[in-house]
Protein chains: 2
Amino acid sequence: MADDPLSTTFAALADPTRRAILARLAEGAATVKELSAPFAMSGPAVSKHLRVLERAGLVVRGRDAQWRPCTLDATPLREVAEWTDGYRRFWDDSHRRLDAYLERMKEQEDDH
Amino acid sequence: MADDPLSTTFAALADPTRRAILARLAEGAATVKELSAPFAMSGPAVSKHLRVLERAGLVVRGRDAQWRPCTLDATPLREVAEWTDGYRRFWDDSHRRLDAYLERMKEQEDDH
DNA sequence: TCTCTACCTAACCACTTGGTTATCTAACCG
DNA sequence: CGGTTAGATAACCAAGTGGTTAGGTAGAGA
């Protein structure tokens, strides 16, 4: 995996377990134990997933006695949304119609 | 890497070379040779990247004599955009204000 | 037919990933 | 103090990734 921020974010999101963790954290902070609960997977495995999310800046781990409360930080997703938006015209029908319109305008220009 | 569609798409996007290929294809179809040109990397390496993009459904490879013209198919990005949008309220200020407003409304309800 | 070009597959390499179990630290609780 | 709980780390393993070189296939063209 490349180490530029966008690649790191995309790589972190390329796993259903990690996306489920983010979905859970969207409802509020949670401990590692609480996050592991839904998964048929050992503690260390979840811990590794959290580390990937943390390195991507999507999760922040605090500390409260023996608990490590995790919170969501969605700011890296903003870049993802912006990147994806650059391709919106390739699937969004309304944008496609605008493109076609601009294309016709351009052809008219060329006819002059 | 998990094999669900969204994970496959995210994994395909987690590489700057592959995103550069998509950016190039956004300007129109291109042969494998044309796509390799900007990269200091062997042909087979680019071919592998194309296979990853193809498996993710982001690129379609046709054939025209000895050329394999590649075209962009952005439909998998729609799911990416929709998934990401579910977290927009966590970084978008306008949404954050709307959330705060709805929260106040909810508290008023609770006071009744 | 002979050659060149475009592209693919195969085999190999170093490194990463996603999981495991076993072991360690740190904090609470009796 | 001793036991329990939350969690991290280490060591290991199978599989995947991103690159390489070497060699093969298919079509264009002299």
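Letters A, B, ... mirror the listed sequences (proteins, then strands); counts begin at 1.
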In whole angstroms, the gap separating P of dA6(D) from CG of Asp64(A) amounts to 13 Å
First encountered from the 5' end of DNA chain C, between Arg61(B) and Val52(A): Arg61(B)
Applying side chain to side chain contact (heavy atoms under 4.5 Å, CB included), name anything that partners Pro44(B), two or more places apart in sequence or on another chain. Ser42(B)
Rounded to whole angstrom units, what separation is found between the CG atom of Leu50(B) and the P atom of dT9(C)? 12 Å
Looking at CZ of Arg24(A) and OG of Ser36(A), how far apart are the two atoms once the value is rounded to the nearest 0.5 Å? 11.0 Å
Any chain of hydrophobic side-chain contacts (each under 4.5 Å) joining Leu77(A) to Leu72(A)? yes
Are Val80(B) and Tyr87(B) connected, step by step, through hydrophobic side chains (Ile, Leu, Val, Met, Phe, Trp, Tyr) whose heavy atoms are closer than 4.5 Å? yes
Give a yes/no answer on whether the side chain of Lys48(B) brings an N or O atom under 4.0 Å of OP1 or OP2 in dG18(D). no
Phosphate oxygens OP1/OP2 of dG19(D): is one of them under 4.0 Å from a side-chain N or O of His49(B)? yes
Are any of Ser47(B)'s side-chain N or O atoms less than 4.0 Å away from OP1 or OP2 of dC8(C)? yes
Side chains of Arg78(A) and Thr84(B) only: does a donor on one sit below 3.5 Å from an acceptor on the other? no
On DNA chain C, compare the nucleotides closest to Pro44(A) and Gly43(B); which residue's is nearer the 5' end? Gly43(B)
5'-most contact on DNA chain D (nearest-nucleotide basis), Pro69(A) vs Ala40(B), goes to Pro69(A)
Atom-to-atom span, CE of Met41(A) to P of dT17(C) - whole angstrom: 16 Å
Roughly how many Å is it from CZ in Arg55(B) to P in dT17(D), rounded to a whole number? 6 Å
Might you list the N or O atoms of the protein lying below 3.5 Å from N or O atoms in nucleotides 25-29 of chain D, with each pair's distance?
{"unit_1": "dA28(D)", "atom_1": "O4'", "unit_2": "Gln66(B)", "atom_2": "NE2", "d": "3.4"}

Can you check the Glu54(A) CD to dG7(D) P distance for me, whole Å? 13 Å
Are Phe10(B) and Val52(A) co-members of a hydrophobic cluster defined by side-chain heavy atoms under 4.5 Å apart? no
Rounded to whole Å, the CG-P distance (Asp3(A) to dG18(D)) equals 13 Å
Ignoring backbone atoms, establish whether Thr31(B) has a side-chain N or O less than 4.0 Å from OP1 or OP2 of dA6(C). no
Rounded distance (Å) that lies between atom P of dA8(D) and atom NZ of Lys33(A): 13 Å
For Asp15(A) and dT17(D), what is the distance between atoms CG and C1' respectively, to the nearest whole Å? 16 Å
With the 4.5 Å side-chain cut-off for hydrophobic clustering, are Leu22(A) and Phe39(A) part of the same group? yes
